[in-house]
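A short write-up of the structure that comes next.
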Amino acid sequence: MDYNFHWRPVFRKLPELLEAGLLTLEVAVLSMVLGITIGLGLALLRMKGPTPLRQIATTWVEIARNTPALFQLFFFGFGLGAFGLHLSPYLIVLAGLTFNNAGYLAENFRGGFLAVPETQVRAARSLGMTAVQTYVRIIIPQVLKIVYHPMTNQMVWAVLMSSLGMLVGFRELSGETQFFASKTYRIFEYFAVTAVIYYVIVKIILLASNLVARRLFKY
């Protein structure tokens, strides 16, 4: 084996890699917050919405779940350019991840809604609650508990899939790694360290998720 390992250039750039890791986590968290909000709306529209809105929600979910994430990212990165709309790399990745997260989470939420007995809605309405109060106070908290762990998996997916952003010029963790590796030709060293950083980020997410679950779902 003639390859000589040189770790010093990688360790010198470790602060920049960690900063890029924080940027990866930031865009993943924002895409999840937006994805949860939009996904709830899509799930409700698919179940209760008028036909035109139901069809729009169904189309969103079908495209998000049945096309590659890279295709969706390229649509926001290059497809919108055909209509004169040019987004920054950050917004491209945020829009692509949000679109995909919302599609997958909508189906998770829909399954959660179907798992809550319809009798709870009727009981809440019979007590004088409005439809909004019934869903906000009774139904949605139960749905969030049901889909909590699938949401955690989706968060992990968002962190890992943000690496596709380097293909549209986004300097998140993978993009920064590719940039430094191409300058120093220390390909293995940079990507080995980056793999460890991704691993640590995911483990932190899973640990935080378990701690939150213990506090929220003690019973």
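Every value quoted in this text rests on a predicted model; they were computed, and no experiment measured them.
Under a hydrophobic clustering in which Ile, Leu, Val, Met, Phe, Trp and Tyr are joined whenever their side-chain heavy atoms come within less than 4.5 Å, directly or via other members, Tyr199 and Ile204 fall into different clusters. A chain of hydrophobic side-chain contacts below 4.5 Å, direct or via other Ile, Leu, Val, Met, Phe, Trp or Tyr residues, connects Val29 to Val147. Both Leu206 and Leu160 belong to a common hydrophobic cluster when Ile, Leu, Val, Met, Phe, Trp and Tyr are linked at side-chain heavy-atom distances under 4.5 angstrom. Both Val33 and Val27 belong to a single network of hydrophobic side chains, linked directly or stepwise wherever heavy atoms of I, L, V, M, F, W or Y lie under 4.5 Å apart. Linking Ile, Leu, Val, Met, Phe, Trp and Tyr residues whenever their side-chain heavy atoms come within less than 4.5 Å leaves Leu45 and Trp60 in two separate clusters.
Rounding to the nearest 0.5 angstrom, the gap separating the NE2 atom in His149 from the CG atom in Asn210 is 7.0 Å. Rounding to the nearest 0.5 Å gives a distance of 11.5 Å between CD1 of Ile56 and OG1 of Thr51. The line from OG of Ser31 to CG of Leu94 is 6.5 Å long, rounded to the nearest 0.5 Å. In this structure, CG in Asn108 is found 10.5 Å from CG in Asn101, a value given to the nearest 0.5 Å. The OH atom of Tyr148 sits 10.5 Å away from the CG atom of Leu144 when rounded to the nearest 0.5 Å. Taking CG from Leu23 and CG from Leu18, the interatomic distance works out to 13.0 Å, rounded to the nearest 0.5 Å.
Between Glu107 and Arg46 there is a salt bridge, since a side-chain N of the basic residue sits under 4.0 Å from a carboxylate O of the acidic one.
The 12-atom threshold is not exceeded at CD of Glu19, counting heavy atoms of other residues, nucleotides or ligands nearer than 6.0 Å.
You'll find the side chain of Trp7 stays beyond 4.5 Å of the side chain of Arg186, heavy atoms only. With a 4.5 Å cut-off on side-chain heavy atoms, Phe180 and Leu17 count as touching. Side chains of Leu167 and Leu73 form no contact here, defined as non-hydrogen atoms less than 4.5 Å apart. When side chains are defined from C-beta on, Met32 does not count as touching Leu97, because their heavy atoms never get closer than 4.5 Å. Annotation: side chain of Ile205 is in contact with side chain of Leu25 (closest heavy-atom distance under 4.5 Å). A 4.5 Å side-chain heavy-atom check between Phe113 and Ile140 finds at least one atom pair inside the cut-off. For the pair Ile197 and Leu173, the minimum side-chain heavy-atom distance is below 4.5 Å. Two residues are said to be in side-chain contact when any heavy atoms from C-beta on lie closer than 4.5 Å; Phe99 and Ile63 meet this criterion.
Closest heavy-atom contact between Ser163 and Glu172: CA-OE1, 3.6 Å. Nearest heavy-atom pair, Phe109 versus Gly39, reported as atom, atom and distance to 0.1 Å: CD1-C, 3.7 Å. Of all heavy-atom pairs between Ser126 and Ala123, the closest is OG-O, 2.6 Å. For Ala106 against Val61, the heavy-atom pair with the smallest separation is CB-CG2, 3.8 Å. Across all non-hydrogen atoms, the minimal contact from Ile201 to Gly21 is CD1-O, 4.0 Å.
For Thr194 (side chain) and Tyr190 (main-chain N/O), a donor-acceptor pair under 3.5 Å exists by modelled atom type. Using modelled atom types, one side-chain atom of Gln142 and one backbone atom of Ile138 make a donor-acceptor pair closer than 3.5 Å. Proximity of a side-chain donor or acceptor of Thr98 to a complementary backbone N or O of Ala95 within less than 3.5 Å is not detected. Not one N or O on the side chain of Asn100 forms a donor-acceptor pair closer than 3.5 Å with the backbone of Ala69. Distance alone, capped at 3.5 Å, places no donor-acceptor pair between the Arg110 side chain and the Leu114 backbone.
Screening Leu42, Leu40, Ile36 for a side chain to side chain contact (heavy atoms under 4.5 Å, CB included) involving Ile38 leaves a single residue, Leu42.
Ring pair Tyr104/Trp157 is tilted by interplanar angle, where 30° to 60° counts as tilted.
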Show me the side-chain donor-acceptor pairs of residues 77-91 shorter than 3.5 Å, one per line, residues at least two apart or across chains.
{"residue": "Ser88", "atom": "OG", "partner": "Leu91", "partner atom": "N", "Å": "3.3"}
{"residue": "Tyr90", "atom": "OH", "partner": "Glu26", "partner atom": "OE2", "Å": "2.7"}

Could you go step by step and tell me if Glu62 and Thr59 meet the side chain to side chain contact (heavy atoms under 4.5 Å, CB included) rule? CA-CA 5 Å; Glu62 290 295 318; Thr59 300; 5.8 Å; no
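At a cut-off of 3.5 Å, with distance as the only test, no side-chain donor of Thr24 or Tyr198 sits close to an acceptor on the other residue. If you check the side chains of Gln72 and Thr67, you find a donor sitting under 3.5 Å from an acceptor.
Judged by a 6.0 Å distance limit and a 45° cone about the ring axis, Arg171 is positioned over the six-membered ring of Phe179.
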